[in-house]
Amino acid sequence: MDLRKRSARIVLLFFLLFCKAQATVHYYDFVLKEKNFTKLCSTKSILTVNGSFPGPTISARKGDIIYVTVHNDGTYGVTVHWHGVRQPNDPWSDGPENITQCPIPPGSSFTQRVNLVSEEGTLWWHAHSDWTRATVHGAIVIHPPRGASYPFPEPHGQETLIIGEWYKGDVMKIIKDALASGGNPNASDAYTINGQPGDLYACSNGTTHRFSVVPGKTYLIRIINAAMNENHYFGITNHTLTLVGTDAAYIKPFTTPYLLISPGQTMDVLLKANQKPGLYYIAASPFHDGASPYDNTKATAILQYRGSFNTSHHRHRHRHQHPPLVFPDFPDHNDSSAAFNFTKRLRGLGTKSHPINVPKKVNKRIYMTVAVNLLTCNASTCDRTTKLAASLNNVSFQIPSIDILEAYYWNKTGVFTKDFPKEPPSYINFTDPSNNVFTTTGTRVIMLNYNESVEIVWQGTNNTLNTAENHPMHLHGFSFYVVGQGLGIFKNKTHPKSYNLHDPPEVNTVNLPLNGWLAMRFVANNPGVWFMHCHFERHSSWGMDTVLIVKDGKTKETSMLPPPKDMPPCSK
Ligand code: C2O
Ligand code: CU
C-alpha cells in the first residue's frame with residue numbers, strides 16, 4: 001500500500017472514530033393534552049402527546065441521547081416510560097409511576113433523558129400511569145450508528161406500524177371500575193393499526209392506514225404491539241415476512257407467514273413486494289389462550305402497490321373504496337402451540353458487530369411463579385367477597401404511594417421491603433387446576449449486587465379459577481437472553497442441560513407459554529430500580545409485578561447517577 005493510500009485510510013479511520021464518539025443530542029417536547037378523536041362512529045376525548053394518536057415518533061441512531069421535556073397539560077398526573085431503553089445508571093428517567101418517580105402534576109413538566117447506548121432497531125415509549133398508555137404511546141426508531149449499516153441489505157424504504165387497542169369508554173374509568181368491582185375490566189371495542197381500526201369496522205371506511213410500495217422492492221417494517229391486553233398475530237395476505245430483529249436487537253433472519261407479537265414487543269421484518277401488483281390486507285388478529293373475556297375483532301391496514309395495475313379497484317371512483325380483500329391465514333385465536341413454536345424460533349444474530357454475551361454461569365437463580373389469583377375483600381372496598389388479583393411467587397405487588405427509587409435513594413423506610421422470595425412458597429403441581437387460588441400481598445423487591453449473573457425462571461400456573469394463559473413478561477433497565485422454555489413444570493436438574501447458551505435471543509419482553517416455563521439470564525450491571533411485570537395491563541394492575549434493585553458497584557461509573565433537579569414532587 002503506498003503512503004498516500006495509507007494516510008487516506010488513517011484519516012478515514014479517525015473520521016469514523018470521531019463520528020462514533022460524537023453522540024448526537026436530540027430534543028423533543030411532549031405535550032400531554034386531551035384531544036377529540038372520532039372512531040367506531042363516535043367521538044371521544046383522549047389523552048395524547050402533541051395531539052396525535054399514536055404519538056410522535058422519536059428517531060435517532062444508536063449512541064444518540066434524546067432529551068424529552070414532558071409537559072403535562074392534562075387534568076391528572078402522568079408519567080412516560082421509554083420501553084426497552086436500558087438507561088444506564090439512570091433509573092430517574094425510566095418513568096413507571098411510583099416505581100421510579102411520582103406522576104408529573106398537571107401544569108408542570110419533567111425533562112427525561114433517553115440514552116440509546118446499546119439498542120438498535122425499534123422500541124417505543126408509552127405512558128406508565130394506570131391505563132393511560134392506551135392512547136399515550138409512540139415509536140422509537142433507532143438506526144445504525146453513523147458509518148455502520150444494517151446486518152442485511154439496505155431496504156428501499158421503511159414503515160412503522162403500531163398495533164393499538166381502542167376502548168369506546170374512558171380507559172382510566174374502565175380500570176378504576178374493574179378494581180372497585182373486583183371483576184374483569186371491560187374488553188376493548190377495536191384494535192387499531194397506526195390509530196385506524198381499518199375497514200372491517202363500522203364508520204372506518206376511508207380512514208384505513210395505507211402503506212404503498214414499489215413492485216419488486218424490499219422494505220423494512222417495524223411492528224410494535226402497543227395493545228393493552230392482547231397478543232396479536234400479524235401478517236400480510238399472500239406475502240411472507242423475514243423477521244430480522246426484535247426489541248431493538250438483531251436475530252438470525254427467518255421467514256414466516258405471520259408473527260406472534262405480544263404487548264410490549266417490537267418486531268422488525270423485511271417485506272419484499274413480490275406479489276401481483278394490487279391491494280393486500282396488512283392484518284392483526286388477537287391470540288388469546290386464556291378463559292377471560294376479550295375483544296375478538298381484527299384490525300387491518302392496506303399494502304398498496306404503486307403504479308398502474310389492472311385490478312377492479314380502478315372501477316371504484318373513490319380512492320378509499322376497494323373490492324373485498326382476503327384476510328391473511330392465521331392459526332386459531334387460542335392455538336398455544338403456534339405461539340410457543342413461533343417464540344422458540346428466535347435466535348440471536350451473534351456476529352462480530354452484534355455479539356451474544358449471555359452469562360455462562362449464574363450466581364443468583366430466582367424461580368418465579370406467575371399467577372392470576374383472588375384476594376378476599378369486603379364491602380367497603382369491592383362489590384363482592386373476592387376480587388381478581390395476580391402475583392409473582394404468591395406476592396401480589398402493591399404499588400406504594402411514593403416512588404420506590406426515591407425511597408431507596410434517600411433511605412426512607414416503610415415504602416417497600418427487600419424480601420421478595422427467590423422461590424415459590426411450596427413446590428406444588430403448579431399447573432394443576434385444583435391449586436389454591438388465593439395470594440398474599442406486599443411491596444417486596446428483589447435486591448441484586450452489582451454485576452451478579454442472574455437467572456430468572458418464570459413458571460406459568462393454574463388454579464381453581466382455571467384461567468391459565470400466556471404472559472408477556474417484561475423487565476425495565478435490561479435486555480435479557482431467553483435461554484430456555486418449555487411446557488409444563490420446570491425441572492432444575494434436567495432442563496438447564498438443554499439451555500441455548502450459544503445464540504439465545506436478547507429481548508426485553510417475552511411470552512411465557514401457557515402452563516409452561518421460561519428461563520432468562522442477564523448480568524446485573526445497571527445500578528438502579530427496575531420494574532418487572534406482565535405487559536398485559538390488566539395483570540399488571542392486579543399485582544403481577546415486582547421490582548429489581550441493583551445496588552451500586554464500587555466506582556462512580558458503576559453507581560447510580562444523582563436525581564435530576566426537576567423530579568416531579570411526591571405530594572403524599
Ligand atoms: Cu412497556 Cu413497564 O412497560
Ligand atoms: Cu399476565
Side-chain angles (χ1 to χ4, degrees), residues 182-184 229-231 262-264 287-294 334-337 339-340 343-344 365-376 386-398 420-442 444 446 455-475 480 482-496 509-520 532-547:
N184 272 301
N229 288 309
E230 298 304 333
N231 309 295
S262 300
F287 160 66
H288 182 99
D289 62 2
S292 56
Y294 74 108
N334 59 355
D335 187 344
S336 300
S337 56
F340 180 60
T343 305
K344 271 200 312 197
R365 181 191 268 168
I366 300 169
Y367 185 43
M368 193 183 291
T369 52
V370 178
V372 173
N373 308 92
L374 291 178
L375 281 167
T376 50
T386 58
K387 59 179 177 185
L388 286 165
S391 66
L392 299 172
N393 271 352
N394 212 38
V395 184
S396 183
F397 194 80
Q398 307 296 299
F420 184 87
K422 67 177 199 313
E423 58 185 349
S426 58
Y427 284 80
I428 54 174
N429 178 2
F430 295 113
T431 59
D432 187 336
S434 65
N435 285 331
N436 176 13
V437 74
F438 288 93
T439 180
T440 66
T441 58
R444 301 168 71 178
I446 297 172
E455 177 173 305
I456 295 178
V457 179
W458 285 301
Q459 175 67 60
T461 63
N462 204 355
N463 57 36
T464 55
L465 274 176
N466 209 10
T467 55
E469 64 179 309
N470 71 92
H471 302 278
M473 301 305 294
H474 171 54
L475 174 60
F480 50 83
V482 177
V483 297
Q485 56 207 298
L487 303 177
I489 293 169
F490 176 71
K491 299 197 182 62
N492 70 351
K493 292 265 166 354
T494 52
H495 284 140
T509 307
V510 72
N511 206 275
L512 168 65
L514 169 110
N515 281 328
W517 58 272
L518 188 137
M520 64 85 139
M532 191 178 92
H533 58 93
C534 176
H535 220 286
F536 287 156
E537 219 50 44
R538 63 184 195 282
H539 290 175
S540 184
S541 302
W542 288 337
M544 196 176 274
D545 325 292
T546 187
V547 161

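We number each residue from 1, following the sequence as shown. Just so it is clear, the model here is predicted, and its values are computed rather than measured.
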*asked:* Applying side chain to side chain contact (heavy atoms under 4.5 Å, CB included) to N435 and T464, what does each step give before you reach the verdict?
replied: CA-CA 6 Å; N435 285 331; T464 55; over 6 Å; no
Report yes if some heavy atom in the side chain of [X] is under 4.5 Å from a heavy atom in the side chain of [Y]; otherwise report no.
X: M544; Y: V372; result: yes
X: R365; Y: N492; result: yes
X: L388; Y: L374; result: yes

*Would you find a donor on one side and an acceptor on the other, under 3.5 Å apart, between the side chain of T439 and the backbone of N394?*
yes
*asked:* Would the distance check show the side chain of N229 and the main-chain N or O of F536 forming a donor-acceptor pair, the cut-off being under 3.5 Å?
replied: no
What is the distance from atom [atom1] of [X] to atom [atom2] of [Y], rounded to the nearest 0.5 Å?
X: I456; Y: I446; atom1: CD1; atom2: CD1; result: 5.0 Å
X: H535; Y: M473; atom1: NE2; atom2: CE; result: 11.0 Å
X: F480; Y: H474; atom1: CZ; atom2: NE2; result: 8.5 Å
X: Q398; Y: T440; atom1: CD; atom2: OG1; result: 9.0 Å
X: W458; Y: Q485; atom1: CH2; atom2: CD; result: 11.5 Å
X: N334; Y: F287; atom1: CG; atom2: CZ; result: 7.5 Å

*In terms of ring plane angle, is the pair Y294 and H288 parallel, tilted or perpendicular, where the classes change at 30° and 60°?*
parallel
*Using the six-membered ring wherever Trp is involved, compare the ring planes of F430 and Y427 and label them parallel, tilted or perpendicular (cut-offs 30° and 60°).*
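Aromatic pair F430/Y427 classed perpendicular.
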*Give the intermediate values and the outcome of side chain to side chain contact (heavy atoms under 4.5 Å, CB included) for residues V370 and H539.*
CA-CA 10 Å; V370 178; H539 290 175; over 6 Å; no
Is it the case that [X] and [Y] place a side-chain donor and acceptor less than 3.5 Å from each other?
X: D545; Y: S540; value: yes
X: N373; Y: S391; value: yes
X: N184; Y: S292; value: no
X: N462; Y: T431; value: no

How close do [X] and [Y] get, counting heavy atoms only, and between which atoms?
X: N463; Y: N436; result: CB-O, 3.8 Å
X: N470; Y: D289; result: ND2-OD1, 2.8 Å
X: P496; Y: K491; result: CD-O, 3.4 Å
X: L375; Y: S396; result: CD1-OG, 4.4 Å
X: N393; Y: M368; result: OD1-CA, 3.2 Å
X: I366; Y: P421; result: CG2-O, 4.4 Å

*Which one of M532, Q459, H471, R444 satisfies the side-chain contact (heavy atoms from CB on, under 4.5 Å) criterion with L392?*
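Of all the options given, the one that passes is M532.
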*Decide yes or no on side chain to side chain contact (heavy atoms under 4.5 Å, CB included) for V482 and L518, but give the supporting numbers first.*
CA-CA 7 Å; V482 177; L518 188 137; 4.1 Å; yes
